[in-house]
Amino acid sequence: MASNPNDEKAPATNSPPTDRESGPVDSVDTVVHLSKKEDAMHDEGSVEAKDKELKPAARQEGDAAAAAASKESDPFAHLPEDQAQLLRDQVHTPDVRIGVATLYRYSSRNDLLIIFVSAICAIISGAVLPLMTVIFGNLQGTFQDYFTPGTNMTRDEFVSELTSLVLYFVYLAIGEFVTSYVATVGFIYTGEHISGKVREHYLESCLRQNIGFFDKLGAGEVTTRITADTNLIQEGISEKVGLTLQAVATFVAAFVIGFATFWKLTLILMSTVVALMVCMGGGSRFIVSFSRQNIAVSAQGGSVAEEVISSVRNAVAFGTQERLAKQYDVHLTRAEGWGFKMKSALGIMVAGMMTIIYLNYGLAFWQGSRFLVANDVTLSKMLTVMMSVMIGAFNISNIAPNMQALTTALGAAAKIFNTIDRKSPIDPSDEGGRRLERVEGTIRLENVKHIYPSRPEVVVMDGVSLTVPAGKTTALVGASGSGKSTIIGLVERFYSPVEGAVYLDDVDIATLNLRWLRQQISLVSQEPTLFSTTIYENIRYGLIGTPWENETPEAQRERIYEAAKMANAHDFITSLPEGYETHVGERGFLLSGGQKQRIAIARAVVSDPKILLLDEATSALDTKSEGVVQAALEAASAGRTTITIAHRLSTIKDAHNIVVMSQGRIVEQGTHDELLEKRGAYYNLVTAQAIATVHETADDDDDEEAEEEGGAEHEVALLRKASTRLSQKGGRAAAPEDDPERLEQLGRTSTQRSASSIALAKRKQERDGKYSMWTLIKLIASFNKEEWPLMLVGLFFSIICGGGNPTQAVFFAKLISALSVPVTPETIPQIKSDASFWSLMYLMTGIVMLISFTVQGVAFAKCSERLIHRVRDRAFRTMLRQDVEYFDRDENSAGALTSFLSTETIHVAGLSGSTLGTIIMVLTTLVSACSLALAIGWKLALVCIATMPVVIGCGFFRFWMLAHYQRRAKKAYAGSASFASEAITAMRTVAALTREEDVLSKYRASLAAQLKTSLVSVLKSSLLYAASQSLMFLAFALGFWYGGTLIADREYDMFQFFIVFSAIIFGAQSAGTVFSFAPDMGKAVEASRELKTLFDRKPRIDTWSDEGERVDAIAGAIEFRDVHFRYPTRPEQPVLRGLNLTIAPGQYVALVGASGCGKSTTIALLERFYDPLAGGVFVDGREISNLNVNEYRKHIALVSQEPTLYQGTIRENILLGAPYDVSEEQIRFACQEANIYDFIISLPEGFDTVVGSKGALLSGGQKQRIAIARALVRNPKILLLDEATSALDSQSEHVVQAALDKAAKGRTTIAVAHRLSTIQKADIIYVFDQGKVVEKGTHAELMRKNGRYAELVNLQSLEKSG
């Protein structure tokens, strides 16, 4: 009963489901139930009658839905204005106008100061880059002067001129380093500081909100906002702001320099900017829309995968892995199509940008040469203009993505600030309201009418008046949805009633101080929520707001131990290795249900509250734990005002007053005995749950009387037994094998180890694969085997792309030396023809680049999408191939595996062809640039090559650091975010414990610590970023200085200098930038290692293998021979210890016993989810581990506690049970057998009705009956029922139980049951304890024995006391 113990129990969990969820069944069932007396109860006809009555109800529901649609605009329109307003206040959220200023709402004066300084630095550091072009141009001019005859510049003049210009480069480097360091640190610090404040205010505001607000939102959404949306805000106001300013400054400065130097050429070259904008704008529009489609389709596939993996036992049991994998593959194929389009668009866009660069060079030189010849401009000015336009144009492309971060931040902020500015109608932080001097504890409801704000069309309570006397226990019973839990929600003031009032000691609670009120009340709910800390801390939370909160730790510890003893928890806690300091894990998942519940009770009673509210505090437990917890509750409620709600009536027969509710009204009230006398609604509920106790002979009666007298001691002994047993179960106390008493019972000598521990020792541990890089690359390549021709094409064109840069270095140098010739009428024709020729060569290079980048982009896009598709498909199939043991491990939860399928598989593409293409491209560039340079001028080439690592490093680290900032910001807040989301998810518990202040102060502390550590890390990492921005200039300086000295000695001419310099420096620059585009290799290696481990894992029980003998038919005789078993994930905990069972074909067998005694394990072994460690399971005399597992499972059907339905129609869900094709007739027959056929036909779309994700659109009982139909459609010989009705309330249980009894005819049926009333008619009942059978026989025989079974029955029985 893990997730939601009663699907239809709407108000009890106080998250009112939609109309559809509770379905028309409840209401009609309730009426039918209460109106017919118990004579109809045992009559199966009534079930059909009931389903027939449903049909009109289903129709009405359809009409209601249509009406609801028209009311969509205002769901409260049908209510009187005052009531509508009251409900509106509980869910309404104001819309806040969001501007950029809003983001900075919480910035302090210091923040604004830092932002101001950082902004100035960012602008300066942006303007530095274009200044470099002026120096570059001047240097060229100096060279030209030196070589031109007639300017008689001496060597010394030349060198001093050169040195002063080179020093400018050094100054620029220093300026750039300082300014970009300050800007980065400043913006990141303020961004983090301000978004930390936003996070804090958001959590504070959430903790102030009323519960109705969360019903509307869902805790999930709040969690997303506090984790993801605040990160988006932080991104929008951190380093991105600096980068945007920097890019704008660069753009502006570049064009200012251009226009100042020579405006005509600058104006002509502006066309480059337009071309780039068009190329990037158009490209990114396609990319965004394709990517959106791709994400949407992948998400659908992901939800299919999540559904399947979260219910993997079901898929394994029915052998549906192949069919489900095909469903998943359909989504993958569609995702592949969109992904290919997206990556191709990206490839084409990059190709366009590369082309534009080359065309820009061509245009500049050609048009420049015209101006040069006309004596309008010098060559050095022309170079300055050309390079600054290039720099400016490319910085425009940096503005858009960073601006986008800001708009995203605004979008995210809108939702967050809406919540921050919301005024809560029921605000626990409000200091107003009365506080009473002393509290008696009398609670009174007067004419209360209640409607949940999230379901305005349903009136949950109408005209209820009820008095709960002080110090007495009042119990509420009734069908689910009858308004029991609503009363608790109103007393805690989670909601305000729309009419009437709730009084505490004759004071309307709406006038009392809310926090004070909640401190008088303790609540134990059905799903106890523990916080992720120690047991001690969890209980201590109960003291918040009470006088004991500030006592000495010793006094507190005393109280906490007392409370734990009262809650029957002290013993099991002290038996844990760390005692009270044991960490309970997230939401307490390291403890069993009974243990969590007892800690929750201790937390409730530790503050000695006046009023105790118990909302089905024991419904999620089995009989054994329930007995212990029930005793704890009775002890706790003594002398307090207690309101208790129970589905199991056995738990409340001692209450001072029992109130029976139906459909939001009180039907009758009185004590247990009075109500039984009345023979009314209560009597019916009791008989529905009662268990026939056999009074056979007089001796038996005497025995019973004797037992009743010894009842108290018997009960105490039983509790003691139960709690020690529990403490061993939870506390992993000494291995039971070592207990000498037990060893005697097992008939072993103490030296021997148990069969299972010996078997376990023999098992080999799975080894973690250490794979070499080569193995991983081979694995990834194997997925792209079919595409190798495409790969070759892509690689060939990558080589051509790589050659572009060195080629253009030759053109550049040729043009400079051609245009350096003094302009005279004789040289003009030559200058013109040279300029035209080399400019056309630029055009040619541009076209070649366009083609080769496009081809390689598209080719690799195809390969990488095919790769991702195949990897996902195979990974999913391999996951479904694993045995159940694999999914038991913590690291293989459904969420983890699903996210592995969606994200890790994409990372794998980082090892595929495109990365290889990138590497080859870079290598080509570097190798050809170096060889060219060495051939032309080796001295300068060697000096420049020495700077290469620095230049490449700069290009790479610049991008890597920016990515690093983003990763760091996300990671940093994961811890505090999960703390916050834990508090929000458990909002009711936080509110009931008035823990709001406590949560906030802890959150603040964790944020502050976070800010401190991240400041240190930013100070360090920004050094690297600033260095990567500035070292570039130093490399330029070195190149020019050494080249200049060589020129001074006339060793080199200008052509040699420029070809060497531009080939190496620009080549290295482009190589560094290209690296930043390459997907993350590290992630790829990690992901492919995980994949390889997954693919290599061969499960012990392998559904892919054809081994084992085939079984065509089985009779259904089952035998367990001395079976020992432990779960692989908990080897220290023996589950079965020598189990022996025999079941004849066609028998209906029931397995009963306390939880953890091995009942469900028996079923799992029969399904062959696991193999026993020792002993064997035999079917028809053959051991099942020798049979072919798929064939064998075809003869078995399983109906489990939580019915699993998949997205799709009812028909598709039922067909999943069939191992072969079945006719409509067979489907109909299976549905009739499962008592669901009439219901399906009454739906507007019949069998084609969509059931929603995990069947969410049906009620629990309906889902369970569809699951039974699915089990029956395969016509199994063996039917396994694992607590098939435990999650239902009495009404649905009846219908489903009738269906199960029908289904069991003519097959071997094994049923595990908590509720013993469901299995009285079994042919034979096996009672389990500690992994062995302790009693067997029919119900009557076992009752006569008066042993363990009778004890379980008496615990559950509702016999009239007295």
How long is the straight-line distance from [atom2] of [Y] back to [atom1] of [X], given to the nearest 0.5 Å?
X	Y	atom1	atom2	value
L203	R1004	CG	CZ	9.0 Å
Y104	T190	OH	OG1	6.5 Å
C206	H201	SG	NE2	13.0 Å
I237	I115	CD1	CD1	7.5 Å
F213	S205	CZ	OG	7.0 Å

How far apart are the closest heavy atoms of [X] and [Y], and which atoms are they?
X	Y	answer
F979	Y1003	CE2-N, 3.8 Å
I426	S496	CD1-OG, 3.4 Å
K343	I868	NZ-CD1, 3.7 Å

Got a sec, which residues hit side chain to side chain contact (heavy atoms under 4.5 Å, CB included) with [X], two or more places apart in sequence or on another chain?
X	result
L131	L172, I257
S298	N294, A335, R872
L113	none

Are a donor atom and an acceptor atom from the side chains of [X] and [Y] found within less than 3.5 Å of each other?
X	Y	value
N513	R518	no
N231	E235	no
Q246	S125	yes

Donor-acceptor pairs under 3.5 angstrom involving side-chain atoms of residues 282-289: please list them, not counting sequence neighbours.
| from | atom 1 | to | atom 2 | distance (Å) |
| --- | --- | --- | --- | --- |
| S284 | OG | M280 | O | 2.8 |
| S284 | OG | G281 | O | 3.1 |
| S289 | OG | F286 | O | 3.4 |

Once you measure the plane-to-plane angle for Y106 and F417, does it fall in the parallel (<30°), tilted (30-60°) or perpendicular (>60°) bin?
parallel
Are [X] and [Y] packed together at the side-chain level, in the sense that at least one heavy-atom pair is separated by less than 4.5 angstrom?
X	Y	answer
V252	V248	yes
Y452	I211	no
T898	S902	no
S429	R515	yes
V182	F187	no
L103	I194	no

Set of residues satisfying side chain to side chain donor-acceptor pair (under 3.5 Å) with respect to E537, sequence neighbours excluded:
R540
Going by the rule side chain to side chain donor-acceptor pair (under 3.5 Å), which residues pair with R292 if we only count those two or more places apart in sequence or in a different chain?
none
Output, in order, the C-alpha distance, side-chain angles, deciding distance and verdict of side chain to side chain donor-acceptor pair (under 3.5 Å) for T989 and T529.
CA-CA 7 Å; T989 313; T529 309; 3.3 Å; yes
Is a donor on one side and an acceptor on the other found under 3.5 Å between the side chain of T419 and the backbone of K415?
yes
Output yes when a side-chain donor or acceptor of Q90 lies under 3.5 Å from a complementary backbone atom of N210, and no otherwise.
no
For F255, which residues count as a ring-ring contact (aromatic ring centres under 6.0 Å, His included) partner, sequence neighbours excluded?
F251
Y189: ring-ring contact (aromatic ring centres under 6.0 Å, His included) partners, not counting sequence neighbours
H193
Of all pairs that satisfy side chain to side chain donor-acceptor pair (under 3.5 Å), the ones with a partner from residues 249-260, not counting sequence neighbours
none
Do any side-chain atoms of residues 401-413 form donor-acceptor pairs under 3.5 angstrom with protein atoms, and if so which ones, sequence neighbours left out?
| from | atom 1 | to | atom 2 | distance (Å) |
| --- | --- | --- | --- | --- |
| N402 | ND2 | N398 | O | 2.9 |
| T407 | OG1 | Q404 | O | 2.7 |
| T408 | OG1 | Q404 | O | 2.6 |

Side chain to side chain donor-acceptor pair (under 3.5 Å) between S1014 and E192, worked out:
CA-CA 9 Å; S1014 72; E192 205 155 327; 2.4 Å; yes
Could you go through S180 and Q1029, starting from their C-alpha distance and side-chain angles, then the distance that decides it, and tell me whether this counts as side chain to side chain donor-acceptor pair (under 3.5 Å)?
CA-CA 8 Å; S180 71; Q1029 290 279 48; 5.3 Å; no
Which residue pairs satisfy the salt bridge (charged side-chain N to carboxylate O under 4.0 Å, His left out) criterion with at least one member in residues 416-428, sequence neighbours excluded?
R105-D421, R208-D427
Worked verdict on L207 versus R995 for side chain to side chain contact (heavy atoms under 4.5 Å, CB included):
CA-CA 9 Å; L207 293 171; R995 240 199 93 192; over 6 Å; no
Who are the salt bridge (Lys or Arg N to Asp or Glu O under 4.0 Å) partners of E904, not counting sequence neighbours?
none
Start with the C-alpha gap between S1030 and E176, add the side-chain angles, then the distance that decides, and say whether side chain to side chain donor-acceptor pair (under 3.5 Å) holds.
CA-CA 6 Å; S1030 56; E176 175 69 24; over 6 Å; no
